[in-house]
Trainee: 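Please read through the structure below; I'll follow up with questions.
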Amino acid sequence: MTAQLIDGKAIAAAIHEEVRVAAAELKAKHGITPGLATVLVGDNPASHSYVKGKRQACAEDGLESFPNELPADTPQADVIALVKRLGEDPKVHGILVQLPLPGHINEEAVLNAVPITKDVDGFHPVNIGKLGMKNREPSFEPCTPAGVIELLDRIGAKIEGASAVVLGRSNIVGLPVSLLLLGRNATVTVCHSRTKDIAAVVRQADILVAAIGKAKFVKAEWVKPGAVVIDVGVNSLPVLNPDGTQAISEKTGKPRTKLVGDCDFEAVKEVASAITPVPGGVGPMTIAMLMKNTLRAAQQSVK
Ligand code: GUN
């Protein structure tokens with residue numbers, strides 16, 4: 001059996017369209033344009049590229065974006081002062097502090113300065129705390145984990161009662177996605193670097209979420225036939241020539257690379273019932289959920 005491909009690009013496009021329609025309605029009814037402030041400290045190229053993508057999505061969905069770029073050596077107090085100013089700006093409905101921050105800045109201190117009503121990334125400690133508690137609702141759910149759940153829902157996967165295995169316990173994916181799955185009544189196991197016999201644990205999973213950042217780590221023999229596999233990994237591998245040497249791009253003259261997930265996709269797709277590709281699976285969902293959260297922040301500002 002070959003698995004159903006979960007088309008994150010198409011699902012994200014549908015969410016962007018829903019956001020566009022609702023943002024236009026908010027503007028027409030209340031004169032409010034949802035606004036997202038981005039805070040980028042330093043010159044990490046990947047972070048710059050992520051923030052650019054987020055701002056582009058704002059433009060396409062009818063949201064306003066307020067970019068803030070600070071040099072890598074900006075004192076922590078200045079970053080916090082900026083975040084507090086944005087917190088008081090009525091045109092800003094959501095604040096996104098791009099992570100990681102430079103080493104001299106305490107991430108927790110900065111995230112604490114984001115008002116929870118504008119925490120569209122869902123990383124404020126209060127929001128993460130509420131995520132893990134019964135009968136509490138965070139103002140916002142973190143975007144990539146919420147995107148994982150949205151993919152499962154939109155393909156009709158049954159989460160309640162399922163055995164869900166999460167590989168990885170990072171603050172931005174592994175931990176929050178396991179809390180969301182638990183909140184949806186899955187039986188959740190979280191695996192990490194000290195887990196004994198990961199293969200045996202993975203074999204129990206009806207739903208497998210791989211978020212450990214190791215290329216092709218999950219083997220087909222580990223996967224329970226019929227499992228739904230969500231691959232959050234984004235790993236860069238060199239492209240090789242037929243003779244085994246590194247391929248070079250004719251256009252740029254640089255070594256060619258390709259993106260692969262945490263699962264051995266070609267083999268795992270023959271065992272799973274559904275699987276996300278990399279790229280084009282979870283990736284596009286993160287920004288779509290950020291737009292959805294920012295829209296919601298603006299809608300809530302009316303009430
Ligand atoms: N760095 C990697 N992923 C994310 C994310 O989802 N949000 C922010 N703010 N930073 C990140």
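We count ligands from 1, going down the list as the structure has it; atoms in each ligand are counted the same way.
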Trainee: For residues Leu290 and Ile32: do they belong to one hydrophobic cluster (side chain heavy atoms under 4.5 Å, members Ile, Leu, Val, Met, Phe, Trp, Tyr)?
Mentor: no
Trainee: For ligand 1, list all ligand N or O to protein N or O distances below 3.5 Å, rounded to 0.1 Å.
Mentor:
from     : atom 1 : to     : atom 2 : distance (Å)
ligand 1 : 1 (N)  : Gln98  : NE2    : 3.3
ligand 1 : 1 (N)  : Leu99  : O      : 2.9
ligand 1 : 7 (N)  : Asp121 : OD1    : 3.4
ligand 1 : 7 (N)  : Asp121 : OD2    : 3.1
ligand 1 : 9 (N)  : Val97  : O      : 2.8
ligand 1 : 9 (N)  : Asp121 : OD2    : 2.5
ligand 1 : 10 (N) : Gln98  : NE2    : 3.3
ligand 1 : 10 (N) : Leu99  : N      : 3.0

Trainee: Would you check if the side chain of Asp262 reaches a backbone N or O of Ala215 as a donor-acceptor pair within less than 3.5 Å?
Mentor: no
Trainee: Got a sec, which hydrophobics cluster with Val234, joining ILVMFWY side chains under 4.5 Å apart, including via others?
Mentor: Leu259
Trainee: Here's a test for you: under side chain to side chain contact (heavy atoms under 4.5 Å, CB included), which of Asp121, Ile172, Leu131 qualifies with Pro142?
Mentor: Leu131
Trainee: Residues two or more places apart in sequence or in another chain: which of them pass side chain to side chain contact (heavy atoms under 4.5 Å, CB included) with Ile155?
Mentor: Gln4, Ile6, Ala157, Val228, Ala274
Trainee: Quick one: list whatever passes ring-ring contact (aromatic ring centres under 6.0 Å, His included) with Phe123, sequence neighbours left out.
Mentor: none
